[in-house]
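Every number for a ligand or one of its atoms is a count from 1 in the order of the listing.
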Amino acid sequence: MIEEKTKGFLIVVSGPSGAGKDSICNKVAEDLKNVEISISMTSREPRKGEEEGKNYYYISKEEFEDKIKNDEFLEYAVVHNNQYYGTPKKEIEEKLNQGISIILVIDIQGALKVKEIAPEAIFIFIMPPSMEVLKERLLARGTESNEKVLERFKRAYQEINEFKKYNYVIVNDNLSDSINSMKAILLAEKSRVDRIEDIYLNTSEEFIHEGLIDKEFDNPEFKFDD
Ligand code: 5GP
């Protein structure tokens, strides 16, 4: 059997609030093997229905600032509501080494920081199907005041112009199509030669006896060092 050893990779997903990032990413992580979502830390209050350790880890501003000092974040940013959001570094590297790919659902500032640290990451931008639909989705959430919703909407307008900094764009018109698009991207990326560390051919002794391969070619390890 031919086996390949692939290191996990980072998948950075951004897009305006209400574009559907979480619904898409949750289903992709549920369906694909060796793909997990990183849970961010935030200093903002939990919204109705959100859960500690599921949506975010909720900590105070002071705790967040201590963690910044201790270099515990892969990246962090102050997002639209003047609150901190950050990706905890611990575990991510470990998981990548175990061949697990990690999805980071983060804002554009965070994505650009990750691009500096990990240019091999893949960057996916999720668009709403239209600005009208986005406004409807934000209002329909009913978890925030109208004023906050309008702030998010204005920010979304600015953010959409940044899509060219990403590798892929998914227009989330239909949730199941968007999920399939993201899965297709991840599966293709996983097969890229430059993501494969080793290939083990595990050839059988018989091949040597039959003179089909050299002894020294027994159990070869092809290293893709560049
Ligand atoms: P929300 O308050 O709607 O949950 O998130 C607000 C914004 O913060 C979203 O654009 C979301 O992608 C972003 N965000 C969530 N977690 C992180 C993080 O760990 N780092 C950064 N830079 N942005 C994040």
Side-chain angles (χ1 to χ4, degrees), residues 10-26 28-29 36-61 63-68 70-93 95 102-118 121-128 131 134-163 165-166 168-170 172 178 182:
L10 291 176
I11 303 123
V12 178
V13 177
S14 310
S17 315
K21 292 167 295 195
D22 291 329
S23 314
I24 298 172
C25 294
N26 290 339
V28 168
E36 291 181 13
I37 298 184
S38 155
I39 311 287
S40 296
M41 289 190 174
T42 181
S43 62
R44 85 148 159 75
E45 294 289 315
R47 282 193 210 119
K48 230 194 288 165
E50 289 186 347
E51 280 176 47
E52 164 77 16
K54 191 164 168 244
N55 303 88
Y56 289 101
Y57 295 106
Y58 302 91
I59 59 174
S60 68
K61 275 196 170 156
E63 282 175 288
F64 204 107
E65 282 161 2
D66 281 346
K67 287 182 186 292
I68 296 173
N70 294 334
D71 193 26
E72 290 181 35
F73 292 109
L74 180 72
E75 63 72 39
Y76 70 91
V78 176
V79 180
H80 53 88
N81 44 6
N82 280 332
Q83 298 291 350
Y84 286 117
Y85 292 78
T87 307
K89 215 182 331 193
K90 217 177 131 216
E91 282 185 22
I92 289 190
E93 193 138 305
K95 295 228 162 136
I102 306 286
I103 302 177
L104 310 179
V105 186
I106 60 179
D107 82 327
I108 294 165
Q109 307 167 67
L112 296 179
K113 281 185 213 158
V114 174
K115 208 169 190 176
E116 279 170 28
I117 316 163
I122 64 164
F123 296 83
I124 304 177
F125 196 90
I126 313 276
M127 291 266 192
M131 294 313 285
L134 183 77
K135 192 162 167 238
E136 275 166 30
R137 285 184 191 168
L138 287 174
L139 288 169
R141 276 182 179 178
T143 49
E144 283 175 317
S145 65
N146 270 10
E147 193 192 333
K148 277 203 173 157
V149 168
L150 291 178
E151 255 172 52
R152 274 176 196 274
F153 182 77
K154 277 191 212 155
R155 192 179 150 89
Y157 225 100
Q158 295 154 5
E159 283 180 347
I160 277 175
N161 285 318
E162 305 279 341
F163 78 92
K165 296 179 178 150
Y166 288 69
Y168 298 95
V169 173
I170 297 174
N172 185 22
S178 302
M182 183 157 163

Please list, in number order, the atoms of ligand 1 under 4.0 Å from a heavy atom of Ala77. 22 (N)

To atom 14 (N) of ligand 1, the nearest of Tyr85, Tyr76, Tyr84 on a heavy-atom basis is Tyr85

Please determine which of Gln83, Glu63, Glu65 meets the side chain to side chain donor-acceptor pair (under 3.5 Å) test together with Ser43. Gln83

Using a strict threshold of under 4.0 Å (side-chain N to carboxylate O), is an ion pair present between Arg155 and Glu159? yes

Looking at Gly110, which atoms of ligand 1 are within less than 4.0 Å of one of its heavy atoms? 22 (N)

Enumerated ligand 1 atoms positioned under 4.0 Å from heavy atoms of Arg152: 2 (O), 3 (O)

With sequence neighbours excluded, what pairs up with Glu72 under the salt bridge (Lys or Arg N to Asp or Glu O under 4.0 Å) test? Lys67

Where does Glu75 meet ligand 1, judged by heavy-atom distances below 4.0 Å: at the side chain, the backbone, both, or neither? side chain

Here the atoms of ligand 1 under 4.0 Å from any heavy atom belonging to Arg47 are 1 (P), 2 (O), 3 (O), 4 (O)

Is Lys89 atom NZ crowded by more than 12 heavy atoms from other residues, nucleotides or ligands, each under 6.0 Å away? yes

Glu52 to Tyr57 - nearest heavy-atom pair and separation: OE2-CD2, 3.5 Å

What atoms of ligand 1 come within less than 4.0 Å of a heavy atom belonging to Lys21? 9 (C), 10 (O), 12 (O)

Would you say Cys25 and Met182 make side-chain contact, with heavy atoms under 4.5 Å? yes

Report the residues that fulfil salt bridge (Lys or Arg N to Asp or Glu O under 4.0 Å) with Lys95, sequence neighbours left out, ordered by chain and then residue number. Glu36, Glu91

Which atoms from ligand 1 have a heavy atom of Arg44 less than 4.0 Å away? 1 (P), 2 (O), 4 (O)

Between Phe125 and Ile170, is any pair of side-chain heavy atoms under 4.5 Å apart? no

Geometry only, no angles: is Asp107 polar-contacting ligand 1 at N/O separations under 3.5 Å? yes

Atoms of ligand 1 under 4.0 Å from any heavy atom of Val105, numbered from 1 in the order shown, are 12 (O), 14 (N), 15 (C), 16 (N), 17 (C)

Who's closest to atom 7 (C) of ligand 1 heavy-atom-wise, of Val79, Leu104, Thr42? Val79

Looking at ligand 1, does Tyr56 have a heavy atom less than 4.0 Å from it? yes

Between Gly86 and ligand 1, does any nitrogen or oxygen pair lie at a separation below 3.5 Å? yes

Does Phe64 have more than 12 heavy atoms from other residues, nucleotides or ligands lying within 6.0 Å of its CZ? yes

